[in-house]
Each structure stands twice: as C-alpha cells, then as structure tokens.
Asker: 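There's a structure below that I have some questions on.
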Amino acid sequence: VNVQATCDVLSGVANVSFFYAHYDDAQPWYAKQAWYRRCARDHVAYREKVKSRFVVNAIASRGSAWAETYSHVWIIDEDVRLPPLRYVRHFLRESHGHGALISQ
C-alpha cells in the first residue's frame, strides 16, 4: 500500500520518474498493478538485500545514462509514508534550489 501511495504522491510532481529495485522476486506481482505500470519507468531485480549495494549496482549498470537524465536520485524504502503532495513539492523545490547533493 505504501509503494502505491508513494507513486500516487510523487506522480503529481513534475519531472519525477520511478526506478524500482526489487530484491524479493516480487516484480511480477508489482507489474500486474495498474499504479505500478503508470509509475515504473524502469526496474531491476537483485538478490542483494543491502540498500547501498542496490545503489552501487544500479549506478554501475546505468550511471552514465542516469547522469544525462537525472539531477538527483532519491532512494525511498517501501515502508516510507510521504506527507501530502504540497510538502513533497516544497521539499524537492527547496533541495534543488539550494543545490543540495544530499537531502533528508
């Protein structure tokens, strides 16, 4: 439910796209969900369970394409609950406006 809620909130923000990293063979289940098909720009599946390794693997395989496409990469756990859209937009606008490389 939280992954769908994240999709619903962030899909209302301009210039945000989704890259899902699956570690538990759940991608086929997610792929059947309408919200996932609407939000997922790309995905990978790793046997890795350590989040930092997901990022290393993804950057190693897609880093140059990501550098050309994205200004920021935001890593969100599936159990994170985002605040309402207006707060998320404000956070992203402020982070970008201040040139923050890491925001929390």
Side-chain angles (χ1 to χ4, degrees):
V1 173
N2 284 333
V3 180
Q4 180 179 356
T6 299
C7 167
D8 293 342
V9 169
L10 291 181
S11 62
V13 179
N15 300 321
V16 171
S17 58
F18 293 85
F19 178 91
Y20 290 96
H22 302 281
Y23 63 88
D24 55 3
D25 298 322
Q27 196 280 329
W29 181 86
Y30 280 108
K32 295 176 185 173
Q33 311 307 309
W35 61 265
Y36 183 87
R37 291 190 304 272
R38 176 172 44 87
C39 286
R41 179 174 184 163
D42 197 0
H43 73 274
V44 294
Y46 299 120
R47 295 278 178 207
E48 196 67 59
K49 294 192 186 259
V50 178
K51 207 177 341 177
S52 60
R53 292 301 314 163
F54 270 87
V55 176
V56 169
N57 291 341
I59 290 174
S61 64
R62 292 175 163 84
S64 60
W66 279 8
E68 293 175 14
T69 305
Y70 301 112
S71 62
H72 296 79
V73 175
W74 191 6
I75 302 165
I76 303 174
D77 283 334
E78 65 185 16
D79 59 349
V80 167
R81 289 187 174 188
L82 294 176
L85 181 57
R86 67 178 187 217
Y87 297 110
V88 173
R89 282 187 178 139
H90 177 75
F91 169 77
L92 293 173
R93 187 173 39 250
E94 288 294 311
S95 296
H96 190 13
H98 289 287
L101 297 177
I102 299 173
S103 300
Q104 185 168 312

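Residue numbers count from 1 along this sequence.
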Asker: Within a strict 4.5 Å, meaning less than it, do heavy atoms of the Pro83 and Val88 side chains meet?
Answerer: yes
Asker: Below 4.5 Å, heavy atoms only, C-beta onward: do Gln27 and His43 meet side chain to side chain?
Answerer: yes
Asker: For the residue pair Trp35 and Tyr30, categorise the inter-ring angle as parallel (less than 30°), tilted (30 to 60°) or perpendicular (more than 60°).
Answerer: perpendicular
Asker: Could you give all pairs that pass the salt bridge (charged side-chain N to carboxylate O under 4.0 Å, His left out) test and reach residues 67-76, with sequence neighbours left out?
Answerer: none
Asker: By the salt bridge (charged side-chain N to carboxylate O under 4.0 Å, His left out) test, which pairs, at least two apart or in different chains, include something from residues 85-103?
Answerer: none
Asker: Taking the side chain as everything from C-beta on, heavy atoms only, tell me whether Cys7 gets closer than 4.5 Å to Tyr20.
Answerer: yes
Asker: Test: salt bridge (charged side-chain N to carboxylate O under 4.0 Å, His left out). Region: residues 6-23. Which pairs qualify, not counting sequence neighbours?
Answerer: Asp8-Arg38
Asker: With a 4.5 Å cut-off on side-chain heavy-atom distances among I, L, V, M, F, W and Y, is there a chain of contacts connecting Ile59 to Val56?
Answerer: no
Asker: Does the side chain of Arg62 come within less than 4.5 Å of Val44's, by heavy atoms?
Answerer: yes
